[in-house]
S.K.: 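One structure coming up, written as structure tokens, with questions to follow.
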Amino acid sequence: MSTTAASLDALAAARQERPATLAEATEALRRADRDGERLLFLGGGTELSLGAPPVGVEVVLGTEQLERIVEHAPLDQIVIVEAGVRLASLQEALAREGQMLALDAPWASRATLGGLVATNAFGPRRTRYGSIRDLIIGISIVRADGTEARGGGKVVKNVAGFDLPKLMVGSLGTLGFISTITFRLHPRPETTRTVLFPDLDADTVRRVVLALRAAQLEPAAAAALVHEGGDDLGVRFDGRFELGVRFEGFEAGVRQQAMKLLELATRKGWAAESLGAETARAFWARHDDARESPAGFRAKLAAQSMDLERVANAAIGSLFTALEVPRCVCYPTLGLAFVAGEVRVPGQVAAAVTAARDALPQGSVVLQAASPEVRAAVDVWGPPPGALPLMRAVKERLDPKRRLAPGRFVGGL
Amino acid sequence: MSAPSLVTPAAPAAAPIPAPPSVVDRLIAVVGDRNVIRDPVDLRTYECDGLTSFRAAPSVVVLPASTEEVAAVVRIAVGAGMPIVPRGAGTGLSGGALPVPGCVLVGLSRMKRILEIDLDNGWIRVQPGVINLDVSKEISAAGYYYAPDPSSQSVCTIGGNVAENSGGAHCLKYGFTVNHARGVRMVTATGEVVDIGGPVLDPPGYDLLGVVVGSEGTLGIVTEVVLRILRKPECTRTFFATFPSTDEGGVCVSEIIGAGIVPAAIEMMDRLAIKAAVAATGVDWPDVGAALLMDVDGCTAEAEHTAAVAVAIARRSGALEVRVPKDDDERMLMWKGRKSAFGAMGRLAPNYIVQDGVIPRKDIARVLAEIARLSQERGLRVANVFHAGDGNLHPLVLYDAKVPGQEHAAEELGGEILRLCIRYGGSITGEHGVGADKAPYMAEMFSDADLDTMAKVRCAFDPGTTFNPSKVFPTPRLCGDRPGPYRPHATEVAGLADRG
């Protein structure tokens with residue numbers, strides 16, 4: 001039986017290749033094709049636990065030396081990067097021109113853009129700017145057979161040909177090797193302000209989301225953390241959240257929106273405060289900790305945004321009971337949440353996962369990290385999607401010999 | 001690089017290849033007699049879309065009313081070996097709905113119901129024949145709208161928008177159809193019905209939705225769409241500025257973007273386009289070299305701040321005049337002037353070709369100068385109306401088809417403009433699609449390997465190339481043998497991964 005640990009050992013045993021140029025990367029793929037070797041692509045290594053453990057990997061192709069920013073055109077608000085560029089170093093370079101990639105995914109100092117695209121990672125800014133699929137405008141890949149191909153372009157508006165960039169987003173390295181990526185950029189906001197609701201139940205979080213929209217407020221980020229009402233035994237989920245709503249933009253607009261939200265909260269009788277720079281940083285640091293601290297188990301929950309109460313009752317609550325040092329981040333405008341912690345009794349965690357899936361039939365519960373025992377008990381991906389036959393057909397066309405991260409993706413692809 | 005066979009620009013279509021009677025009978029059994037159009041005279045209605053210079057007659061037109069009927073029609077056509085061309089309102093400008101000789105044309109105009117509205121979760125489920133603007137109308141009273149706004153939005157359909165990944169003036173800030181479609185129900189080449197995506201974000205699996213949107217009817221027939229809907233912004237501020245030439249206008253656009261402003265829309269028109277808009281709508285725009293029309297929106301304080309900054313930039317960049325509409329009516333009139341610019345070209349010349357190339361924004365002035373030079377060389381007038389914020393040009397090449405050789409010269413000029421866009425690192429189409437019109441240029445924008453990779457994706461969906469053949473790809477591509485039967489993977493055998 002495969003296990004995460006065993007598969008990581010297997011990865012260590014695989015031949016490690018770290019091409020210094022894109023040409024070398026292509027050459028490595030051609031060689032692997034010739035020799036019939038199976039490949040795993042490695043970026044910053046922050047999300048290796050995603051998906052099922054790939055089987056029989058003989059070569060690990062790392063992108064750490066592919067770290068050039070190929071082109072940054074500030075006037076056109078686009079950037080082209082090699083796959084191994086780290087998110088934090090890209091943001092640093094863009095900031096010099098007053099710009100940013102509107103992607104604030106976890107582990108920014110380690111995570112690479114290639115890996116972030118392959119894993120469809122996101123952070124709180126998704127609230128306003130969308131996810132990677134809304135930011136990516138071009139890609140170049142190397143197919144399993146060593147063919148270099150490109151899709152999209154370097155202008156934001158472009159409908160020529162099929163959208164290969166989006167197809168690669170979240171494909172976990174099972175369709176091709178990402179060599180360069182082109183993103184659209186946004187101006188860095190002049191200022192930001194966070195309004196905190198320190199103690200809300202799930203239904204009130206939902207009502208705040210509706211009220212934000214009714215008041216035509218446009219937050220850049222909204223995140224709910226599980227309220228720390230725990231005792232000495234650790235955090236217990238008592239159904240309550242602290243909700244941070246951040247506005248970004250020009251000073252006048254940010255100030256007006258924060259004021260409006262505070263007035264609205266007063267009217268509705270919800271406790272809320274506008275945070276100073278220091279306390280705002282502390283809230284978002286708590287958010288980052290909850291997303292980034294190492295965890296033996298992590299699940300991504302997806303439901304409709306108005307279903308938050310059901311997510312809280314049926315999924316977060318039971319997972320919190322089953323996990324040690326549990327933590328949770330919800331993005332209530334998106335209907336997405338992450339629950340992480342350590343596995344104590346695998347059967348209990350697996351049962352909580354199954355219960356959560358049953359409670360969210362239209363949504364999904366995907367295990368992003370899990371112990372071998374939990375993986376053995378429940379499929380990390382959950383029930384196969386209806387479009388699996390089409391997905392399988394796409395995989396067969398692009399990687400007919402099943403040599404790219406075999407078995408890692410949905411449905412064993 | 002030849003156009004599809006039997007299709008000759010501006011020539012009347014050849015007589016339709018009649019559909020076999022047995023096929024017609026089976027189609028009638030599915031959708032009823034009146035929804036199977038096969039009279040050669042009636043078929044002429046369908047022989048082109050908004051790109052009227054390309055024409056071909058379908059063998060038969062079928063107008064299904066439900067997903068089940070579409071699936072049955074697909075099975076009949078596939079069984080008879082007939083190609084299938086889907087069609088919405090037929091407003092497309094690239095020949096995406098141009099029939100392929102011998103095809104079954106599936107018109108989705110009868111599927112125009114709004115199926116479900118969920119304001120709290122921010123989505124609406126519609127059939128493909130629903131008119132774009134009707135989506136916003138349906139939810140407007142509740143304070144919501146659907147963002148993509150192609151100029152044809154009062155007549156074009158959501159199904160067509162999904163096929164073409166339509167944009168519009170406001171996609172600079174809000175994105176295209178692909179950023180607003182959350183899910184589709186689609187009939188595949190096997191006549192099966194599959195749901196891709198849905199109201200909930202991040203469904204596990206490949207982002208097939210991202211591929212289907214903008215696939216120009218080559219992957220299947222979409223019969224339902226879940227669209228994201230947005231709360232209307234609190235405030236929109238508009239201004240109109242005139243400039244001596246597009247040079248100053250282009251500088252103004254770059255400076256506004258450089259100031260960290262993301263306008264909801266920023267449109268430019270040159271002298272000829274301004275004239276056409278004036279002639280068509282009676283807006284009192286002066287005879288100047290260029291005009292900018294810009295929207296900023298958001299919360300009131302932000303919109304007012306950014307509008308004030310943008311106006312100051314316009315003046316600094318050499319604006320002759322800056323006008324701020326005094327009320328919503330005046331604002332709507334300004335936008336009407338802009339949106340009617342295409343249709344207004346009929347007042348300047350008997351015929352025109354509209355292109356849809358995209359260039360990096362910083363090169364606008366240089367590319368416009370080159371277009372002007374080409375225009376002079378060819379002796380044909382070119383009007384420019386474009387989405388300046390994202391570098392999406394819409395050069396309109398004016399000509400008179402009755403003058404021998406002019407149509408050909410206009411097409412050549414249009415082609416040279418596309419090549420110019422490619423040379424500057426742009427695209428041959430920003431929102432109209434490749435269709436039949438620009439398929440030959442795909443090979444200039446993409447390498448063989450790029451196109452081969454896209455073709456593999458197409459083959460995954462439609463190995464028999466049943467749907468809309470001869471579109472998008474410059475040369476016909478066969479899928480060849482499927483790469484062998486499915487072999488279960490070790491993880492599946494071990495029971496670790498369930499194929500379902």
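To find a chain, count down the sequence lines: A is the first, B the second, and so on, and within it residues start at 1.
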S.K.: Please classify the contact between A/Q304 and chain B as side chain, backbone, both or neither, with a heavy-atom cut-off of under 4.5 Å.
M.R.: both
S.K.: For the candidates B/V309, B/D118, B/V472, B/N392, which exhibits the highest count of non-hydrogen atom pairs separated by less than 4.5 Å from chain A?
M.R.: B/N392
S.K.: Would you check if there is a donor-acceptor pair between the side chains of B/T429 and B/Y441 at a distance under 3.5 Å?
M.R.: no
S.K.: Is any side-chain heavy atom of A/K300 less than 4.5 Å from a side-chain heavy atom of A/F338?
M.R.: yes
S.K.: With a 4.5 angstrom heavy-atom cut-off, could you sort out which part of B/H432 is near chain A: side chain, backbone, both or neither?
M.R.: backbone
S.K.: What part of B/T300 lies closer than 4.5 angstrom to a heavy atom of chain A: side chain, backbone, both or neither?
M.R.: both
S.K.: State, yes or no, whether a side-chain contact exists between B/R361 and A/Q77 at a heavy-atom distance under 4.5 Å.
M.R.: yes
S.K.: What part of A/Q99 gets within 4.5 angstrom of chain B, counting heavy atoms only: side chain, backbone, both, or neither?
M.R.: neither
S.K.: With only heavy atoms counted, which part of B/L451 is less than 4.5 Å from chain A, the side chain, the backbone, both or neither?
M.R.: neither
S.K.: Side chain, backbone, both or neither: which part of B/F461 has an atom under 4.5 Å from a heavy atom of chain A?
M.R.: both
S.K.: Can you tell which of B/D202, B/D390, B/T218 has the highest number of heavy-atom pairs within less than 4.5 Å of chain A?
M.R.: B/D202
S.K.: Is chain B contacted by the side chain of A/R188, its backbone, both, or neither, given a heavy-atom distance below 4.5 Å?
M.R.: neither
S.K.: Give, as side chain, backbone, both or neither, the part of A/R126 having an atom under 4.5 angstrom from any heavy atom of chain B.
M.R.: side chain
S.K.: Would you say the ring centroid of A/F122 lies under 6.0 angstrom from that of A/Y129?
M.R.: no
S.K.: Does any heavy atom of chain B fall under 4.5 Å from the side chain of A/L334, the backbone, both, or neither of them?
M.R.: both
S.K.: Taking atom CD1 of A/I137 and atom NZ of A/K157, what is their separation to the nearest 0.5 Å?
M.R.: 13.5 Å
S.K.: Can you say whether A/T174 sits under 4.5 Å from chain B via the side chain, the backbone, both, or neither, judging by heavy atoms?
M.R.: both
S.K.: Tell me if the SG of B/C459 lies under 2.5 Å from the SG of B/C479.
M.R.: yes
S.K.: With a 4.5 angstrom heavy-atom cut-off, is it the side chain or the backbone of B/A439 that approaches chain A, or both, or neither?
M.R.: neither
S.K.: Under a 4.5 Å heavy-atom cut-off, does chain A meet the side chain of B/M454, its backbone, both or neither?
M.R.: both
S.K.: What part of A/V156 lies closer than 4.5 angstrom to a heavy atom of chain B: side chain, backbone, both or neither?
M.R.: both
S.K.: Is B/S166 close to chain A through its backbone or its side chain, or both, or neither, when contacts mean heavy atoms under 4.5 Å?
M.R.: neither
S.K.: Could you grab the distance from atom CG of A/L398 to atom CG of A/L175, nearest 0.5 Å is fine?
M.R.: 5.5 Å
S.K.: Given a strict heavy-atom distance threshold of 4.5 Å, which part of B/D452 is in contact with chain A: side chain, backbone, both, or neither?
M.R.: both
S.K.: Would you compute the distance between atom CZ of A/R213 and atom OG1 of A/T333 and round it to the nearest 0.5 angstrom?
M.R.: 9.0 Å
S.K.: Side chain, backbone, both or neither: which part of A/V410 has a non-hydrogen atom closer than 4.5 Å to chain B?
M.R.: side chain
S.K.: Chain A heavy atoms under 4.5 Å from B/E216: which part of the residue, side chain, backbone, both or neither?
M.R.: side chain
S.K.: Salt bridge or not between B/R237 and B/E304? Use side-chain N to carboxylate O under 4.0 Å.
M.R.: yes
S.K.: With a 3.5 Å distance limit and no angle check, can you tell me whether B/K173 reaches the backbone of B/D297 through a side-chain donor-acceptor pair?
M.R.: yes
S.K.: Using non-hydrogen atoms and a 4.5 Å limit, figure out which bit of A/S171 sits close to chain B: side chain, backbone, both or neither.
M.R.: both
S.K.: Please identify, among B/K438, B/E164, B/M442, B/E431, the residue contributing the most non-hydrogen atom pairs under 4.5 Å to chain A.
M.R.: B/E431
S.K.: Side chains of B/D450 and B/S447: do they bring a donor and an acceptor to under 3.5 Å?
M.R.: yes
S.K.: Hey, which of B/V226, B/V213, B/V184, B/V211 is the one that makes side chain to side chain contact (heavy atoms under 4.5 Å, CB included) with B/I196?
M.R.: B/V184
S.K.: Can you say whether B/L119 sits under 4.5 Å from chain A via the side chain, the backbone, both, or neither, judging by heavy atoms?
M.R.: backbone
S.K.: Which region of A/R150, side chain (C-beta onward) or backbone (N, CA, C, O), has a non-hydrogen atom less than 4.5 Å from a non-hydrogen atom of chain B, or is it both or neither?
M.R.: both
S.K.: For the CH2 atom of A/W381 and the CZ atom of A/R408, what is their distance to the nearest 0.5 Å?
M.R.: 8.0 Å
S.K.: In plain terms, say whether A/K154 and A/E71 are close enough for a salt bridge, that is, a side-chain N and a carboxylate O under 4.0 Å apart.
M.R.: yes
S.K.: Need one label for B/D195: side chain, backbone, both or neither, based on atoms under 4.5 Å from any heavy atom in chain A.
M.R.: backbone
S.K.: Given a strict heavy-atom distance threshold of 4.5 Å, which part of A/A303 is in contact with chain B: side chain, backbone, both, or neither?
M.R.: backbone
S.K.: For the pair A/D379 and A/R357, find out whether any cationic side-chain nitrogen is under 4.0 Å from an anionic carboxylate oxygen.
M.R.: no
